[in-house]
Number of protein chains: 2
Amino acid sequence: MRSIHDPRYHLITAALKEIREKKGLTQDELAANLGKKQSYVSKAEGNERRLDLLELSEWLIGLGITLKDFLQNIGWLSEELSVAVPIKGQASQQGKDVVQKMLLQGKSYDVVLKNVALDKYLEVEEFISNKFLALNEPKNKQKNREAIFEAIEFAVKKLPKLNPSDIYVHLVYRAYIRDYKRTRAEQSWVRAGGEAMEIFVEKHYSKLLAAEGITIKALLSGAEKAKALKEMGLEGVVGDSKLDIALYGTHKGKQVIFGGIHSKASLAERVSDDVPCSVAMMGLGLQSILLTFDAKSYPPPQGNLVTIGEFGTTDNPSDKRHYIESHGSFDVCFSYNLHTYPSKLPTKSGKQIYVSDFGPDDPLPQFIIDGWKAFKAKL
Amino acid sequence: MRSIHDPRYHLITAALKEIREKKGLTQDELAANLGKKQSYVSKAEGNERRLDLLELSEWLIGLGITLKDFLQNIGWLSEELSVAVPIKGQASQQGKDVVQKMLLQGKSYDVVLKNVALDKYLEVEEFISNKFLALNEPKNKQKNREAIFEAIEFAVKKLPKLNPSDIYVHLVYRAYIRDYKRTRAEQSWVRAGGEAMEIFVEKHYSKLLAAEGITIKALLSGAEKAKALKEMGLEGVVGDSKLDIALYGTHKGKQVIFGGIHSKASLAERVSDDVPCSVAMMGLGLQSILLTFDAKSYPPPQGNLVTIGEFGTTDNPSDKRHYIESHGSFDVCFSYNLHTYPSKLPTKSGKQIYVSDFGPDDPLPQFIIDGWKAFKAKL
DNA sequence: ACGACCGGTCG
DNA sequence: GCGACCGGTCG
């Protein structure tokens, strides 16, 4: 059988025609781009004339699309991403949960997203994907961290029962890897994802805390961090260690810093970055909170993509658990990963790990409010 | 002009023929794979018959090679690596230096490697590339960190005048990104590159130090780290902070730990990881050394790939310089980046940054030897 | 401008 | 099983 009659070949020409029409080009205009007659375009699109690779390549230049993108679009070139990414439109309801198919090196893996309705999930998937695809537009003006923040915010709002860590890792991070193309998505994620988390924490709690006279402020710039450290009396004391989010109360009409939040998507060894600053803060009677998505999931073939986190269990604790429960390097840790095991009381240090989502039972705001009350009493 | 007469089209068919011959297939055998007659293969390879895209796709299946690999081979699908990687065979001598062309997103950038002879450079390039390509073999048994260590060792030996930081970044790291394919090269590099550095430090200095009764030992496992921390009396004192390389002296026939080396390819914020452990070590009279390649080079479009490092200048110091010169968080810092500015004496803390290569003038071994002598005197 | 952000890896 | 390794990013 000649290719020209092969339905698979027709997929190619149909795709070419679709792209041309989407770009608003007539056959005449495209032919002019290619330095050919209109009949060449017409015959090729109508499968009266075969295109070889060279002609296809030139055709695509005429259409302003790369060979790679075209081949990927028609599914001839497998995505070579080796980070697991969600396959759009490949989610299904299973009982109360949604099962999302993730693609990793040509293989598909199921990730179970608990307590999610499929229609809401698809709405979130669409919203997030559009946000991230929009970042690729040359005329895009939005900051990456803003787009990621909005993705998290939307997902948390629409899927309040879903594990926040799963939102961060599977819905937002993996979609970013899949859809963001302007620079190296993973390194861009490192840069922007962490800050988006800080912005989310600020925005999510600001209203509730404002009612108690408390201001929560993400410290995004070095200058802001330095200012907050100075206000705490920690300028130069902890090297130039850092604080991610500052907490202010209102006392005699003035804003007084009374604590802060160390925010980490995942801990790894990096949690020790924050320890000196945290210990110094606690030494000055300032509230020092560790907030984390405890976002660790091991990809296949080692793991199964479940966001198991890094704290281990209370019976078999990891080193990171010891930072809270044994060494008491922070006043408290809030993990927004429902797989994290909360502390079994009492702990050696008296400090504990809470596990929460961003719903009405979230103990973080009250912890901050209590902290401010205690701080104010001593002023 | 019909494609069949286009020299660019001939490149395609020539590549197809070359692959067939490399695979040891005859025209007959390939034709059988394709379910065609031998004349089909013969005519297509001889440019008497055009191959369209679908035919090409099937042809490649018959050859057992993916479309993606084929397009990459003929250079139609640019490697989508957006880390700058050296283009093999694209180095040239310019005076005393070698200029290496680096590919980044389809554009070429020159990197100047000072005090290098082209023939030696090409020998190193070949050696390193072969090492890393060998890691891709299914039957490969060598650990990644071992291959990287050998790459560093070979390059340091053959190119003793070249900036060690350039060796690490431009010769080894970028070749790894280019050649290592089994897993995500960058994350694999993170895992294996850092440990390779530790192994190199151990191997490079062990002989010289052994002559003084000093043992230098890379602590590669958690158990080894924990053991060394315990020997120093720092078990549980610094959280579970870490030390990368331990230094032992011989006293009354026993091995006594008297210090250690914190090893970091680049510092970023991560240098603060090591500060608590370092400060605790110094408090116990143990020698605490920071050793770094100060390996930071900003890629285009922001930077120019020069390994400028992160210490800033003595007049315009970065925060990281303060860790040494102001806070004295380490006894000393040795930077193996010739672009690093050494400390201007005296420093506020009395501690200083040395800049060195791994040649005969390297001050590190003597610093360690002096440290052991001082420690032994107090035993 | 130059800083801190984080996760796949593989031992 | 589960830890620490590091560099492109982008504000």
Side-chain angles (χ1 to χ4, degrees), chain A residues 82-84 104 143-146 168-169 173 177 180 182-198 219-223 225-226 240-242 244 263-273 293 295-300 302-303 308-312 316 318-320, chain B residues 82-84 104 143-146 168-169 173 177 180 182-198 219-223 225-226 240-242 244 263-273 293 295-303 308-310 312 316 318-320:
Chain A
S82 42
V83 170
L104 175 59
K143 289 189 176 95
N144 296 21
R145 67 186 183 194
E146 284 289 335
Y168 186 78
V169 174
Y173 164 61
I177 298 301
Y180 180 66
R182 282 236 290 209
T183 52
R184 324 208 57 261
E186 287 164 83
Q187 295 288 47
S188 172
W189 172 258
V190 169
R191 180 66 179 78
E195 289 192 343
M197 176 180 176
E198 296 170 26
L219 308 170
L220 295 174
S221 72
K225 282 176 201 283
D240 300 276
S241 274
K242 66 213 163 308
D244 299 308
S263 150
K264 286 218 171 306
S266 63
L267 303 180
E269 89 289 4
R270 296 170 276 104
V271 68
S272 66
D273 287 3
F293 279 122
K296 187 70 180 178
S297 74
Y298 289 93
Q302 298 97 324
I308 52 168
E310 302 176 76
F311 282 113
N316 191 17
S318 72
D319 285 356
K320 289 131 201 170
Chain B
S82 39
V83 170
L104 175 58
K143 290 189 175 96
N144 296 22
R145 67 187 183 195
E146 283 290 334
Y168 185 78
V169 174
Y173 164 61
I177 298 301
Y180 180 66
R182 280 236 291 207
T183 52
R184 325 208 55 262
E186 286 164 83
Q187 295 288 47
S188 172
W189 172 258
V190 169
R191 179 67 180 78
E195 290 191 343
M197 176 181 175
E198 296 170 27
L219 307 170
L220 295 175
S221 71
K225 283 177 201 282
D240 300 276
S241 274
K242 66 212 163 309
D244 298 309
S263 150
K264 287 217 170 308
S266 63
L267 304 180
E269 89 291 4
R270 296 169 277 103
V271 69
S272 67
D273 287 2
F293 279 122
K296 187 73 182 176
S297 73
Y298 290 93
Q302 298 96 325
I308 52 169
E310 303 176 75
N316 189 18
S318 73
D319 285 355
K320 289 131 202 172

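Quick note on labels: first sequence line is chain A, next is B, and so on, each numbered from 1.
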Interatomic distance, A:Glu310 CD vs D:dG3 P [rounded to whole Å]: 7 Å
Which distance, rounded to the nearest 0.5 Å, do you find between the CG of A:Asp273 and the CG of B:Asp273? 4.5 Å
Applying salt bridge (Lys or Arg N to Asp or Glu O under 4.0 Å), name anything that partners B:Glu310, two or more places apart in sequence or on another chain. B:Lys320
Does B:Ser221 reach a base, just sugar-phosphate, or nothing at all? Heavy atoms under 4.0 Å. nothing
Test B:Glu186 against B:Val83 for side chain to side chain contact (heavy atoms under 4.5 Å, CB included), laying out the working first. CA-CA 9 Å; B:Glu186 286 164 83; B:Val83 170; 3.8 Å; yes
Kindly compute the distance separating CD (A:Glu146) from CD (A:Glu195), expressed to the nearest 0.5 Å. 10.5 Å
Indicate, with a heavy-atom threshold strictly under 4.0 Å, whether B:Asn316 touches base, sugar-phosphate, or nothing. nothing
Gap between atoms CG and P, on A:Asp273 and D:dC5 respectively (whole Å): 11 Å
Expressed in angstrom and rounded to an integer, what is the separation of A:Lys320 atom NZ from D:dG1 atom P? 15 Å
Using side-chain heavy atoms (C-beta onward) and a distance below 4.5 Å, is A:Ile308 in contact with A:Tyr298? yes
In 5'-to-3' order, the base (B), backbone-only (S) or no-contact (-) status of each nucleotide in nucleotides 6-11 of chain C, using a 4.0 angstrom heavy-atom cut-off, is BBBBBB
A:Tyr173 meets the ring-ring contact (aromatic ring centres under 6.0 Å, His included) criterion, sequence neighbours left out, with A:Trp189
